[in-house]
Every structure is written in C-alpha cells, then in structure tokens.
Amino acid sequence: MKSRKTERRLPKMAIPFFLLAMLLLTFFCWKLCDLLTPQVVCVSPRSGGLERVLSAEGSFADGEVRFAVPLEQSDSFAIGKTVVVTAANLNAPLTLPIAAQEYDQDKNRILCRVRAPGAALLDGQPCAISRTDSLGAYDTILPAACVYRSGDVYFTYLAVKTDSIWFPVIVRKTMVQVKADNGVMLAVSGMLDPASQVVQYSGEPLSDGMGVRLAKTGSAHEN
Amino acid sequence: MAVAGLLLCASLVCMFPFCAAAVGSFAREGGGPFAVTLRQYGEVLLLNKAFYIWFWNSVLTVGGILCINLPVSLLAGYAFSQYRFRGRNAVFFLYILLMLMPFQATIVPQYLTLHALGLLNSLAAIILPNAFSAFGAFLMTQYMKGIDRELLEAGKMDGLNEFTVFLRVAVPLCRPAIAALVILLMLENWSMVEQPVAFLQNVALFPLSVQLNSAGFGAGALAGGVVFSILPILVYLYGYRDLVDGISLSCIK
C-alpha cells in the first residue's frame, strides 16, 4: 500500500494548462468558423425615381442624324421627343427633337431622323444617340444583381440577424415582384423595408437559412 | 475478496457510460468496431463556436459561484464555530434545513425572487442562488469546530484583530476543507441542468451541461461529452487527497 507521502498527485499546472488550451482553441475555432462562413455584400434598398437610358448608333447625312431603334422602343423615340447626340468632333452634346420616324419593314425596326442644321458634323460621320426615360417613382429600388429569377418568380436574399450562436447572420429567401427594370436597377415590391440588408454579392451560391457573414453593407444609392 | 469483487463490479457499472461515450467519440460512422477517427473531436473543437460559448459559460458560472460561496462559507463557518450568540443553534438548524431542501422545492420562490430583482435570463440567475448555498457554511462550521481555540487566542495575544485572526490563522488551518468545498461545489455546479433550464431563455447563456444533448452537436455529442468531463476529472485528480481529508476531518469533529 502506498503511503500518503508517496501518493502521486496531478501536476499543479494541469488545470491552468487545460484552460489555456481551451482558450487557444476557442480563438482558433472562432477564426476558422469565420473563414468557412460565406461572405456576402449587402445593400439597403433605396426609394425614388428610376430612369432608363436608351441608346442607339447612327450617322450624320444631309444635315440630319439618322438612326434605327428596335420596334419596342418606338414610343420612347416618338416624333417630338428629344434625344442627346454626341459625336467625336462635337464640343458639347446636342439635345434635339426627333423630326421623323418611319417603319423599316425589312428589318422590323424604326428609323428616326433628327434635324441638326449647322452642326459641326461631316456626312457619314457616326454619332451616338441616347435618351433618358423616367420609369416612375418607386419605394424599393435594388441593383439587378440582388434579384434572382426562377421561372416567372423573382426573389432576393435578405441578411437577417438571429439569436443563433452558430450563425448570427443568416439569409432569408424573400419573394418580390418586379415593377420596373432599367437593366441595372430594378424597382420591386415585396416584404422589404428601407433598413433591409439585401444580398448583392456572395462568395457561394445561397440557400434559404444559410449562415453568412457580412463583408460590407451599403445603400443602393452607391450603385 | 467478495467485497472487492462487488466494488469492482459496481465501479465498472459506474464507469460504463463514460467509457461508452469515450469509445463512441472515436468511432467512425459506418466503420467496423476498430475504425477509429478524430472527426467528432474536429467537429466539436474546431468547427463549433457554440461549444466554446457554452464551455466558457460553465467556467464563468462555476468560477462565480466559487468566488462568492467560498468567502461567505468561511465567514459563516467561523461565526458558527467560534462565537456564542443567541439564536446560533436556531440559525444553524435553518442552514441545515435549507441544505436538505431539494432544488425542486425552492424553484418557484427562487424564480419569483430573481424575477423581482430583474435577474432572470442572465448568468447571475444561476450564479447567485448557488453561490449562497448552505452546504459550504455547514462544512466549514463542522471543520472549524475542530480548530484549537488556543491557536486563535495566541493570535489575538500577538495583537491581531478578529478579522486578521480569521484570515491569518483560521483560513490557513482550513485548507483541506476549502479544497474539499471547491471540489464538491465545482463538481456539483459543473453539471447543473435544472437551474439554467428554469431561469434562462437565451441559449447563448446556457452552460455546456444543458446543451450537451442538443441537436447542435449532431454526431459530435459524444466527443463534446468527453471534453466536458475533462475539467472535473482534472480537478478531482488534483484535489482528491484534500477532498478526503476535508470531509473526513469535518465528520469526526
């Protein structure tokens, strides 16, 4: 039988060493989990007017700028509406009304003519024509990258803070209806408020309820 | 020989759950009986932030309880053992009565008190009721009854005041009892389940003992259980001699 004096005892530092090891593991685990959680960039929706910029290429001949636009844009380029003409040797863009419009049956398009008498343009010189249309005012405008489409259904992912210890931030799939689209920005309606954090870019394909970490938050105004 | 056999059987039965958990924590899913993997430990220790939140909650809870309970118990034990005052036996009887009360009998008053103090759903809700448990005072009283009064009187004759006598003479003499109390409180509170479940709602405040069987650990629950058991085992291995001394000396007073 061992005497009390020869009884072996656990080293004094065993418990502090264990706690220190757990502390180091805690920091390591925290960093690792952060690295493994996909990062997302979010924006907040903005409200206001949504505009659409239409552009076409044309050329100058006989004191007129002639250009063609797709048939579906015929209303935007109706007679009397103004367009902005820019060319290489023009000091400033010209804002001119459309003087004539005719249907090109062969190519199913609209041919437009803008009179530019006295403009410093040469015959045959290429010009760029653009027109800005207002699509109206909307409460919720998002970058097009925020909105996904599956068939006829449009949806977006919202970054939502939770009480979960595992994932303090998760994404929630939210259905939206697209009201207007200018190719870069979309006006939508749905369960979004101005403070919502809508995912614009993510490091991995997202799914509903997925844990993420926020890389940066901004406003749709920045886009 | 028969007694030794019985004790061996009983210890094997007691150890079986932990051994099964320890073996299971190394088992590979779908593998044979000898397929060993550290996957569970990797998942728990490297990929589960919640494990550490709960682990440190447990450490904080137990640490808080010890930090409060130990001085309170020492002071109460010193008062009960060294002073003669009216109502001493009645108060001590109340202490024993309180100690014998199961938690289930006091859960409603405790809940109402914590609610009135606005402490529900905070770590204080599980630290404070346990920090003032009567067991420590009882153990210290029993142990301090055995302290030779002449030692304390000698201290006073050397010019020490009452508190310094307590601090410089009585407390060092109580080292085995203090160690026993630390180990017993640590083991008891490390595995507490009822109080957190009753007084806490926020999962982030739960100690590990409550969450070990949660769905959060998945297949790594066994590894989590093994890691959870390491600290109590270390504390026991470090202080078992003091534990035996402290309890036995308290009992023979």
Side-chain angles (χ1 to χ4, degrees), chain A residues 1-40 42 159-172 197 202-215, chain B residues 41-60 62-63 66 121 176 179 182-183 186 190 200-208 210-211 214-218 220 223-224 226-245 248:
Chain A
M1 197 179 206
K2 284 179 179 176
S3 71
R4 287 178 64 82
K5 282 184 180 174
T6 57
E7 272 179 13
R8 295 190 66 184
R9 199 172 178 145
L10 198 71
K12 195 183 267 185
M13 293 306 290
I15 296 167
F17 179 77
F18 172 74
L19 290 175
L20 185 66
M22 290 301 283
L23 196 64
L24 291 175
L25 276 170
T26 305
F27 285 115
F28 184 71
C29 174
W30 228 257
K31 291 285 174 197
L32 195 63
C33 287
D34 275 353
L35 283 176
L36 295 176
T37 306
Q39 203 173 27
V40 294
C42 294
V160 182
K161 290 186 176 166
T162 69
D163 291 334
S164 165
I165 304 172
W166 288 273
F167 299 113
V169 182
I170 61 166
V171 288
R172 281 271 170 244
Q197 292 292 303
S202 69
E204 284 180 25
L206 299 174
S207 59
D208 192 26
M210 189 173 174
V212 294
R213 69 191 155 105
L214 298 175
Chain B
Y41 287 93
E43 283 180 5
V44 169
L45 294 175
L46 300 179
L47 300 175
N48 199 332
K49 280 201 272 191
F51 174 82
Y52 292 101
I53 292 174
W54 295 328
F55 175 83
W56 291 112
N57 280 345
S58 290
V59 173
L60 272 178
V62 172
L66 288 177
N121 205 23
V182 166
I183 293 165
M186 197 268 164
W190 186 253
L200 301 178
Q201 282 92 48
N202 188 353
V203 180
L205 293 174
F206 279 176
L208 191 54
V210 179
Q211 291 295 321
S214 74
F217 283 109
V226 171
V227 178
F228 172 71
S229 309
I230 290 175
L231 191 60
I233 291 172
L234 288 179
V235 169
Y236 175 76
L237 288 178
Y238 179 69
Y240 76 98
R241 205 166 66 195
D242 290 330
L243 176 70
V244 172
D245 286 350
S248 58

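Throughout, protein chains are lettered first and strands after them, A, B, ... in sequence-line order, and every chain is numbered starting at 1.
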_Is there a side-chain contact between A/Met22 and B/Ile230 in this structure, where contact means two heavy atoms from C-beta onward sitting under 4.5 Å apart?_
no
*Find the distance between SG (A/Cys29) and CG (B/Leu45) and round it off to the nearest 0.5 Å.*
8.0 Å
*ring-ring contact (aromatic ring centres under 6.0 Å, His included) with B/Phe206: which residues, sequence neighbours excluded?*
none
*Could you tell me which non-hydrogen atom of B/Tyr238 sits nearest to which non-hydrogen atom of A/Ile15, and how far apart they are?*
CB-CD1, 4.1 Å
_All side chain to side chain contact (heavy atoms under 4.5 Å, CB included) counterparts of A/Leu32, not counting sequence neighbours_ = A/Phe28, A/Leu36, B/Leu46, B/Leu47
*Minimum heavy-atom separation for A/Phe18 to B/Val227, with atom names?*
CZ-O, 4.1 Å
*Separation of A/Leu25 CG from B/Tyr52 OH (nearest 0.5 Å)*: 4.0 Å
*Given side chain to side chain contact (heavy atoms under 4.5 Å, CB included), test A/Thr26 with B/Ile53 step by step and report yes or no.*
CA-CA 9 Å; A/Thr26 305; B/Ile53 292 174; over 6 Å; no
*What is the distance from atom CZ of B/Phe55 to atom CG of A/Leu23, rounded to the nearest 0.5 Å?*
9.5 Å
